[in-house]
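See below for the structure under consideration.
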Amino acid sequence: MGKYFPFPISNSSFLIKNVSRETFYFYCTNLIVCIIIGVKLLGMRIDVSMKFVAGEFDVAVIGAGHAGIEAGLASARLGCKTAVFTINMDAVGNCPCNPSIGGTAKGHLVREIDALGGEMGKAADECFLQIRMLNKGKGPAVHSLRAQIDRRAYSTRMKHTLELQKNLELRQAEITNLERNDDGRWILTTRLEAQYIAKAVILATGTYLGGKIYVGDVSYDSGPDGMFPSKYLPDALEKLGMSIRRFKTGTPARVLKSSIDFTDLEEQCGDEPVVPFSYDTDEPKENKVKCYVSWTNDKTKKIILDNIHRSPMYSGKIEGIGPRYCPSIEDKIVRFSDKQRHQLFIEPCGMDTEEMYLQGMSSSLPEDVQISFYHSIKGLENCVVMRPAYAIEYYCADPVQMNGTLEFRDFPGLYGAGQFNGSSGYEEAAAQGLIAGINAALKINGKKPLVLDRASSYIGTLIDDLVTKGCNDPYRMMTSRSEYRLILRQDNADTRLTAIGREVGLVTDERWEKFSAKQELIQKELQRIRKIVIPPSEKLNEILRNHNTSEVNTGIRLIELLKRPELSYDILKEIDTTRPELNRNIFEQIEIEIKYEGYIKRQLIIIEQVRKLEKKILPSDIDYAKIDGLSLEAREKLNKVRPENIGQASRISGVSPADISVLVIYLASLKNKENKNADTDT
């Protein structure tokens, strides 16, 4: 055809003829490119149109378990427009494991949550079946309140609280993707392709994140209690660059109450009078149920050991790391092989159900093995298993990626709380949710963040442990984790934290007036017992003799008598004629402060020394690899954790006192340089 096309290319409105081959190819190529781009743009438009923006919020909380509830309520109560997302609306505030609130050290956390203005303590008081004070035979530092609760009533109560809360919207949706927009806000995409925009996001996913259930050889994707898992969000978090890993936990079987023989079981009754969790609870409460105690035996042990190869924990199917302090029954049998028997508690799940919970008997063994070993236990010989025990594996974040506010250092506006942070337990989750919710709201409102230190609370200890030391297995709070436990008692949680809750904005006027009145009564009573002199008398000396303490020949101040470990307010009631009518927790708090005054003063001196280290702030941009004198391990750990101050650095595993000395000298040198530069500028 030569160089030119000899034929005309015509259309109704134009005529092209004698067009060169190169020109023709040029226009055709461009036309094809335009068509391809147009198709892609059309596809993008279709994709965007499917993902409609369903709402814009200040704070979005992913998860409505114990962490998500406290986070959402705190954020909304501090004036932020808040959304709380749950995969299933019926799972709000669910207790998939033990239907209880509190316990050793956990009771401290609930009291602290309440003192700061949280919700867990109030809900537990309204929904409890039985309340007991644990460790009463030990010192006051380890006294811990524990309540068996009605799990359905608790869930319903918490869901309704969220529904009624101003500034808060509760939504049923699975969040499948999370990405940060160019303007710094976060885009949350649901499985139904809806999008939500939020200035801050709190991840409180519990055991739903990539959840997988194990029972013997059987495994399947699932959240707790047969709920859907969060299947796609883990990929989105990894795509962000977040470090996540697999942990594992488990829960025992639930059995039919009428199939249990309670005849020879040890009864466990609640305390009378009932001591509530919340400082707002005034009405006296009554215990409604009894719990029971039984024990495993040699037959139980043999059944488990004969079938241990069928446990996914021991066959290698479960990759996740399980809780060290709440192991499964098969793990107990193997780890403590010399122990003759293991205790289990048979506890009701609610007033309107016949399900009984077997505390201490979690397992991932096959269902037939479970039934067999349950039937070997006294009282459970003919028990009907309504829900088999199971293990659940899930994703969680490495908490050393966060700072003391629970915000990720590398992802501004993104917070973690609860089991997502590697902890275990409802109370640990609620405590973190409260702090994450407070800090998200404070940041949005342009206010100073809240960071509780170890000396202020168990909440501060919990968070500091997580973000500074990290955790290699699910973290559980225990009183032994605190070096200040004589200061951090549950009886004085309001004294320690109510003022902080008030400053943040969560403690109401009514609550503050009530707290202030109580503090005034405490001070008046302290003044009274310091002034009151009890004259010597036969009646007084008889009391002293009866309680194995020395008699007196002269007058003695009431406070000196109360300091004696053998005596108490109640014992001295007969000779204390001016004693006022006060709430018994006031007498308890005063008595503890008096008896342990010397120890408390010593701890306060140590706290002040540590707080001086906390005030030595470490710049966020330090490259520890370049600081001479630091050990190689310290350089690695410091660059990973990025501590906020010298005190926090001193608590990092692998950072020695010598390394801390190097950091103190380094900070001093930085300060000297700043001073010299300032003098030069002047």
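Each residue takes its place number in the sequence, starting with 1.
Ion pairing between E163 and K159 holds under the 4.0 Å rule for side-chain N and carboxylate O. The pair R481-D464 fails the salt-bridge criterion, with no side-chain N (NZ, NE, NH1 or NH2) lying under 4.0 Å from an Asp/Glu carboxylate O. A salt bridge between D58 and K199 is present, with a side-chain N of the basic residue lying under 4.0 Å from a carboxylate O of the acidic one. Between E347 and R146 there is a salt bridge, since a side-chain N of the basic residue sits under 4.0 Å from a carboxylate O of the acidic one. Classification of R651 and D465 as a salt-bridged pair fails, no side-chain N sitting under 4.0 Å from a carboxylate O. With respect to the salt-bridge test (charged N to carboxylate O, under 4.0 angstrom), the residues E112 and R496 qualify.
Between N94 and H66, the closest heavy-atom pair is O-NE2, 3.1 Å. The two residues S155 and V92 have their closest heavy-atom pair at OG-O, 2.5 Å. Closest heavy-atom contact between P474 and Y394: CG-OH, 4.1 Å.
Evaluation of the side chain to side chain contact (heavy atoms under 4.5 Å, CB included) rule for P312 yields Y214, S315, K317, I318, S364 as partners, not counting sequence neighbours. Residues satisfying the side chain to side chain contact (heavy atoms under 4.5 Å, CB included) criterion with Y232, sequence neighbours excluded, are E174, T176, R191. Taking M242 as the reference, L203, L237, I244, A397, Q401, F408, F411, L414, F420 meet the side chain to side chain contact (heavy atoms under 4.5 Å, CB included) condition, with sequence neighbours excluded. Partners of T353 under the side chain to side chain contact (heavy atoms under 4.5 Å, CB included) rule, at least two apart in sequence or in another chain, are C349, E355.
The backbone N or O of E119 sits less than 3.5 Å from a side-chain atom of E70, completing a donor-acceptor pair. Checking side-chain atoms of N445 against main-chain N and O of K447 turns up no donor-acceptor pair under 3.5 Å. The backbone N or O of G102 sits less than 3.5 Å from a side-chain atom of E427, completing a donor-acceptor pair. Distance alone, capped at 3.5 Å, places no donor-acceptor pair between the Y154 side chain and the P99 backbone. Checked by atom type and distance alone, the side chain of N403 pairs as donor or acceptor with a backbone atom of T405 at under 3.5 Å.
Remark: R502 fails to qualify as a cation-pi partner of F515 under the 6.0 Å distance and 45° angle criteria applied to the six-membered ring.
Side-chain N/O atoms of D494 and T498 include no donor and acceptor closer than 3.5 Å. Side-chain polar atoms of Y415 and N439 form no donor-acceptor pair below 3.5 angstrom. For the 3.5 Å distance criterion, the side chains of Q419 and T207 fail to qualify, holding no donor opposite an acceptor. No hydrogens or angles considered: a donor-acceptor pair under 3.5 Å links the side chains of Q432 and N421.
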Intermediate values then yes/no, salt bridge (charged side-chain N to carboxylate O under 4.0 Å, His left out), R254 and D225:
CA-CA 12 Å; R254 273 67 161 176; D225 274 345; 5.1 Å; no
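Every pair passing ring pair (Phe, Tyr, Trp, His ring centres under 6.0 Å) that includes a residue from residues 67-97 is listed here, sequence neighbours excluded: F85-Y196.
A distance of 5.0 Å separates CD1 of I101 from SG of C95, quoted to the nearest 0.5 Å.
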Without placing hydrogens or testing angles, list every side-chain donor-acceptor pair under 3.5 Å for residues 123-130, not counting sequence neighbours.
residue, atom, partner, partner atom, Å
D125, OD1, F277, N, 2.8
D125, OD2, F277, N, 3.3
D125, OD2, S278, N, 2.9
D125, OD2, T281, OG1, 2.6
E126, OE1, R157, NE, 3.1
E126, OE2, R157, NH2, 3.0
Q130, NE2, Q268, O, 2.9
Q130, NE2, V289, O, 3.1

